[in-house]
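Below, read A as the first sequence line, B as the second, and so on, with proteins coming before strands; counting in each chain starts at 1. Everything quoted here is computed from the prediction, not taken from an experiment.
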There are 2 protein chains.
Amino acid sequence: MDVGERLKVIRKQKGLSQRELAKRAGVTNSTISMIEKNSVSPSVSSLKKVLQGIPMSLVEFFSDEGETSATQPVVYGPADFMDLSVDDVKLKLVGKAFGRRAMAFMIETYEPGSDTGEDPYLHDGEEAGLVIRGQFELTVGDEIYHLKEGDAYYFDSTRPHRFRNPYDEPCQIVSATTPANF
Amino acid sequence: MDVGERLKVIRKQKGLSQRELAKRAGVTNSTISMIEKNSVSPSVSSLKKVLQGIPMSLVEFFSDEGETSATQPVVYGPADFMDLSVDDVKLKLVGKAFGRRAMAFMIETYEPGSDTGEDPYLHDGEEAGLVIRGQFELTVGDEIYHLKEGDAYYFDSTRPHRFRNPYDEPCQIVSATTPANF
DNA sequence: TAATTATGTCAAAAATACCGAACATGCCGA
DNA sequence: TCGGCATGTTCGGTATTTTTGACATAATTA
């Protein structure tokens, strides 16, 4: 892994000069210069300081996988979604023909007052989602969260969870669960 | 983050002594000792060497696996998304702190004229997505599809694919890719 | 054009990390 | 109890990083 090059790319992406970043990070500009030229291998503490000026965590820095940029049916219209609704919780699964799918990608609609119930919704894997309309209440473990349009979640599915919409408007969510042992 | 303590825990977990680890890593035992006592902040290069003796990557080391999923954040607002954008293709990853995530859940925005490029975008796994605003052109294999708001896709990531927005309006997509090796 | 400001780089001094070799402790078997 | 033997710690010296304070270049302004 090319630490110097990576730092340089990130810094440029943020539109910072070596000196600006140095000031924010509390190090000197020459430190940045040398790190970027790989003429030194920074100490963890100083790299951390530098990244705080971005700001960026060490994990993010080292997970450079983000540099991406980055005969089944492929496209499904609303009419093609597979309906898995129960009561006021409407679930539309994308890719109904996909047999051994690795994940469940769904459009979920929670009508006012709807609830996935108290039952521990337990399964292996992880799930994530984004609110595209309305708001709802998410319980994970014993924490209760309130999510509104534009908010997202990501948690380990082994933790008991529950979706509830105590509000006046329907709430629409796009979600993904993996594996699709649903 | 307590680098020394973390190293110590990992080393013990692997049943290694400071000297054993030192030998495998190609450093001296005193180095390990000092790192674990936080009497120094190791350079990236030496920490990397040490971890190779485990073996463990820097990402894994800093992603603090010790944290149970219960301590992970669950909800992410737009400000918390991790930005993986390149040029006119804007990628926002949900769950940046999730170390070994099983999937990448993202909000993608394709500006007019943007394109993920001709390069075969090849990786294992599967991916799905839903258009929440605008429209775009999806190429999978040698098929070209046109998706508009409300349409979705689901395909095997081993098939070469490409995202392109030749239209006048930005296109926004919610997507999920698994595994997150992208 | 000249002065100004911003950029990145470099050399030597200061600070810090690392090595090599000792030291201290505890454990186990003779 | 003693002598290995393995453990982790400490210390002086060496190697590396970081700062300090320059220099060179390019872009901007007077």
Side-chain angles (χ1 to χ4, degrees), chain A residues 1-64 66-67 69, chain B residues 1-67 83-88:
Chain A
M1 160 150 194
D2 187 336
V3 172
E5 187 55 27
R6 173 131 173 87
L7 177 59
K8 189 171 188 170
V9 167
I10 293 168
R11 177 175 62 77
K12 298 247 178 216
Q13 216 169 31
K14 297 286 177 178
L16 296 172
S17 72
Q18 291 184 344
R19 281 181 153 87
E20 274 173 18
L21 176 55
K23 202 168 75 180
R24 297 191 191 193
V27 300
T28 60
N29 58 307
S30 40
T31 301
I32 311 270
S33 172
M34 301 215 255
I35 292 175
E36 290 188 356
K37 292 178 70 61
N38 285 316
S39 58
V40 298
S41 171
S43 69
V44 169
S45 57
S46 65
L47 180 58
K48 191 172 175 181
K49 268 204 287 188
V50 169
L51 293 178
Q52 279 167 349
I54 300 262
M56 172 178 277
S57 73
L58 287 163
V59 199
E60 288 175 70
F61 183 82
F62 288 112
S63 42
D64 58 353
E67 277 175 24
S69 342
Chain B
M1 159 148 194
D2 187 337
V3 173
E5 186 56 27
R6 173 133 174 85
L7 177 59
K8 189 172 188 170
V9 168
I10 293 168
R11 178 175 61 78
K12 299 247 179 216
Q13 220 168 29
K14 297 284 178 178
L16 297 172
S17 72
Q18 290 185 345
R19 282 181 154 86
E20 276 172 14
L21 175 55
K23 203 168 73 179
R24 296 190 192 194
V27 300
T28 60
N29 58 311
S30 45
T31 302
I32 310 271
S33 172
M34 300 209 268
I35 293 175
E36 290 189 358
K37 292 178 69 61
N38 285 318
S39 59
V40 298
S41 171
S43 69
V44 169
S45 57
S46 66
L47 179 58
K48 192 172 174 182
K49 266 204 288 187
V50 170
L51 292 179
Q52 279 167 349
I54 300 271
M56 172 179 277
S57 74
L58 286 162
V59 199
E60 285 175 80
F61 183 82
F62 288 114
S63 51
D64 220 67
E65 225 171 300
E67 281 183 27
D83 197 334
L84 302 174
S85 305
V86 254
D87 300 331
D88 280 350

Phosphate contact ([N] OP1 or OP2) by [X] side-chain N/O below 4.0 Å:
X: Ser33(A); N: dT9(C); value: yes
X: Thr31(A); N: dT17(D); value: no
X: Arg11(B); N: dG8(D); value: yes

Take the protein atom [atom1] of [X] and the nucleotide atom [atom2] of [N], then report the distance between them rounded to whole Å.
X: Glu36(B); N: dG8(D); atom1: CD; atom2: P; answer: 7 Å
X: Ile35(B); N: dT16(D); atom1: CD1; atom2: P; answer: 16 Å
X: Leu21(B); N: dC19(C); atom1: CG; atom2: P; answer: 12 Å
X: Lys23(A); N: dT5(C); atom1: NZ; atom2: C1'; answer: 13 Å
X: Leu16(A); N: dG8(C); atom1: CG; atom2: P; answer: 10 Å
X: Glu5(B); N: dG8(D); atom1: CD; atom2: C1'; answer: 15 Å
X: Ile32(A); N: dT20(D); atom1: CD1; atom2: P; answer: 14 Å
X: Met34(A); N: dT20(D); atom1: CE; atom2: P; answer: 12 Å

If you check the [X] side chain, which of [options] turns out closest?
X: Arg19(A); options: dG8(C), dC11(D), dT18(D); answer: dG8(C)
X: Lys37(A); options: dA17(C), dT17(D), dT9(C); answer: dT9(C)
X: Gln18(A); options: dT18(D), dT19(D), dG8(C); answer: dG8(C)
X: Thr28(A); options: dT20(D), dC19(C), dT7(C); answer: dT20(D)
X: Ser30(A); options: dG8(C), dT20(D), dA17(C); answer: dT20(D)
X: Ser43(B); options: dC18(C), dG8(C), dC19(C); answer: dC18(C)

Intermediate values then yes/no, side chain to side chain contact (heavy atoms under 4.5 Å, CB included), Val44(A) and Phe61(B): CA-CA 12 Å; Val44(A) 169; Phe61(B) 183 82; over 6 Å; no
Asn29(A) (side chain) donor-acceptor with Ala22(A) (main chain) under 3.5 angstrom: no
Residue from Arg11(A), Arg6(A), Lys8(A), Lys12(A) passing salt bridge (Lys or Arg N to Asp or Glu O under 4.0 Å) with Glu36(A):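 Per the salt bridge (Lys or Arg N to Asp or Glu O under 4.0 Å) rule, the option paired with Glu36(A) is Arg11(A), out of Arg11(A), Arg6(A), Lys8(A), Lys12(A).
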Distance-only donor-acceptor test, Asn29(B) side-chain atoms vs dT7(D) base atoms, 3.5 Å: no
Thr28(B)/Thr31(B) under side chain to side chain contact (heavy atoms under 4.5 Å, CB included): CA gap, chis, key distance, verdict: CA-CA 5 Å; Thr28(B) 60; Thr31(B) 302; 2.9 Å; yes
Upstream residue (5' side of DNA chain C) when Ser39(B) and Glu20(A) are each assigned their closest nucleotide: Glu20(A)
Exercise: do Ser30(B) and Ser33(B) side chains pair donor with acceptor under 3.5 Å: no
